[in-house]
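These numbers were taken from a predicted model, which means no experiment stands behind them. Here is the naming used below: chain letters follow the sequence lines, and residue numbers restart at 1 for every chain.
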Number of protein chains: 2
Amino acid sequence: MTETDIAPPRRKRAPSKRSLETRARILDAAERLFAQGGFDGASMRDIAVAADVPVALVNFHGGAKEALFDTVVARRAETLARHWLDALESAKADHGPLDLRAVLDCFIRPYLNLAATGGAQWTAYARLIAHVSADERWRPISERCFDPTVAVFVAELIPKFPKAETRRIAGAFVFSISAMLSLATSRWRIEAMAGDSGEATSGLDEWADFLIDFCEGGFRAALAG
Amino acid sequence: MTETDIAPPRRKRAPSKRSLETRARILDAAERLFAQGGFDGASMRDIAVAADVPVALVNFHGGAKEALFDTVVARRAETLARHWLDALESAKADHGPLDLRAVLDCFIRPYLNLAATGGAQWTAYARLIAHVSADERWRPISERCFDPTVAVFVAELIPKFPKAETRRIAGAFVFSISAMLSLATSRWRIEAMAGDSGEATSGLDEWADFLIDFCEGGFRAALAG
DNA sequence: GTCTATATGTAGATAGAC
DNA sequence: GTCTATCTACATATAGAC
């Protein structure tokens, strides 16, 4: 952690193809299990079984358990941050200065698209973020992986509400983030609540406009004047 | 669990005063530690130390660890449900049929008041709910402790949006719940983001109207027409 | 009801053969 | 890089004296 990277060995030659596949299988399995039960909800042994490798390989590729957890969270966070910032930049390039709705769209739609098309791993990742956010032990991870990108979006929103206190704007944005995550993790519950029995009857992308409407309306109502 | 209650012994006489105090200390300590690190984040030993009792007493009063966790979550959930339903009933008694804002107020304000006046345990409880919601193992607890009350509020909202699908209404309400919980668990982060260095500069109750504005505006914008 | 001592399991991590 | 075998620590839970 004090060093340049978290990767397992000091790379001397390129890692073999098989090694890379093994490493990916381990990280994917860890992500899935950590998403279900949090850091302590999955043992190194569980992860080894899920990845179909012996336990020692989990330590070899992932390092100690805490380092493995950190790697798993950080890996996808980087991808996500890139999608968010790219969406912002290309929207600006295409349409000039962005209005409130466009900024919210740049935050909400990239993740929902990943979750709708990229399948289960991106949905699991929302649960993982929920675990990280719920547990005080992982504050450093949140601060390092998510806060910088969130700060960019908040900075983007500040000039749109010149009369509002900054913390109100940040508050409304945090409300929007949590609504987005709850949609990803609890769509099944929402639809069950409405009596839509059993399986999810709609894709995440069907909900995108609805969620953006909600957040935009919330911002305008709470920060009006 | 297959029996009438979770309380430790078959009550024959009234439990002694000291016994009740011991039990309360154990449940409070368990709540605090479970809120920080989730079910696995706190060991029975940690709880015993925090409550200043020997380990065996934790088992005696709280039962096995899963039963203890369940008891801790359920205890405050009952209080909360009562506050919610009371707010709804007395608002109806005072003002007749409720509009959207009044219903949201009945859901949001009781919890924020408890957290603002009742101190740290109610704030910790929001973190505990976040853990329960994030972890698939505890779905049965959510369904038993929270879903029935949520269903009452959703039913209250349905006639206010006759043209909207029920699952949209349920969705908007889940967004509102998650925003409320994120306010309780992450107010420090919101204020840090705005540069308000260090300690929380405002009480939770200062945020109540803001949050209600946000949710009301979200509902109206997303379910308009 | 309370506490000490302990039974039994499983956790994370690694040494060392291949 | 991979795998087997194992070390050490700590978890939950309870038996049994007081």
*Asks:* Sequence neighbours excluded, which residues qualify as ring pair (Phe, Tyr, Trp, His ring centres under 6.0 Å) partners of A/F69?
*Replies:* A/F34, A/F39, A/W138
*Asks:* Can you tell me the distance, in whole Å, between the CZ atom of B/F60 and the C1' atom of D/dA15?
*Replies:* 14 Å
*Asks:* With a 4.0 Å cutoff (strictly under), does any side-chain N or O of B/T22 reach OP1 or OP2 of C/dT2?
*Replies:* yes
*Asks:* Starting at atom NZ of A/K65, determine the distance to atom P of C/dT10, rounded to an integer number of angstrom.
*Replies:* 15 Å
*Asks:* Expressed in angstrom and rounded to an integer, what is the separation of B/R25 atom CZ from C/dG1 atom C1'?
*Replies:* 13 Å
*Asks:* With sequence neighbours left out, write down each residue that passes side chain to side chain contact (heavy atoms under 4.5 Å, CB included) with B/A222, or none if nothing qualifies.
*Replies:* A/F210, A/D213, A/F214
*Asks:* Separation of A/E21 atom CD from D/dT2 atom C1', in whole Å?
*Replies:* 15 Å
*Asks:* Between B/Y111 (side chain only) and B/W122 (backbone N and O only), is there a donor and an acceptor less than 3.5 Å apart?
*Replies:* yes
*Asks:* Taking for each residue the nucleotide of DNA chain C bearing the nearest heavy atom, is the 5' side occupied by A/F39 or by B/S16?
*Replies:* B/S16
*Asks:* Separation of B/M44 atom CE from C/dT10 atom P, in whole Å?
*Replies:* 17 Å
*Asks:* With A/T166, which residues qualify under side-chain hydrogen bond (donor to acceptor under 3.5 Å, both in side chains), at least two apart?
*Replies:* none
*Asks:* Looking at every heavy atom in both B/C106 and B/A87, which two are closest together, and how far apart are they?
*Replies:* SG-O, 3.5 Å
*Asks:* I'd like to check the side chain to side chain contact (heavy atoms under 4.5 Å, CB included) partners of A/T117; sequence neighbours left out, ordered by chain and number.
*Replies:* none
*Asks:* What residues form a side chain to side chain contact (heavy atoms under 4.5 Å, CB included) with A/N113, not counting sequence neighbours?
*Replies:* A/R109
*Asks:* Output the rounded distance in Å from CG (A/N59) to C1' (C/dG16).
*Replies:* 15 Å
*Asks:* Tell me whether the OP1 or OP2 atom of D/dA11 has a side-chain N or O from B/S43 closer than 4.0 Å.
*Replies:* yes
*Asks:* Of the candidate nucleotides D/dT2, C/dC3, D/dA13, which contains the atom at the shortest distance from the side chain of B/R18?
*Replies:* C/dC3
*Asks:* For the helix from C/dG1-D/dC18 to C/dC18-D/dG1, what is the angle between the axes at its two ends, each from 5 pairs, rounded to 10°?
*Replies:* 0°
*Asks:* The criterion is side-chain hydrogen bond (donor to acceptor under 3.5 Å, both in side chains); which residues satisfy it with B/E156, sequence neighbours excluded?
*Replies:* B/K92
*Asks:* Taking only residues at least two apart or on different chains, which pairs with a member in residues 31-41 of chain B satisfy salt bridge (charged side-chain N to carboxylate O under 4.0 Å, His left out)?
*Replies:* B/E31-B/R75, B/E31-B/R76, B/D40-B/R137
*Asks:* I need the CD1-C1' distance between B/I26 and C/dT2, as an integer number of Å.
*Replies:* 10 Å
*Asks:* Can you check nucleotides 4-9 of chain D for protein contacts, nitrogen or oxygen pairs under 3.5 Å, and list what you find?
*Replies:*
none

*Asks:* Over how many whole Å does the gap from B/R23 atom CZ to C/dT2 atom P extend?
*Replies:* 12 Å
*Asks:* Considering just the side-chain nitrogens and oxygens of A/S19, establish if one lies under 4.0 Å of OP1 or OP2 belonging to D/dG1.
*Replies:* yes
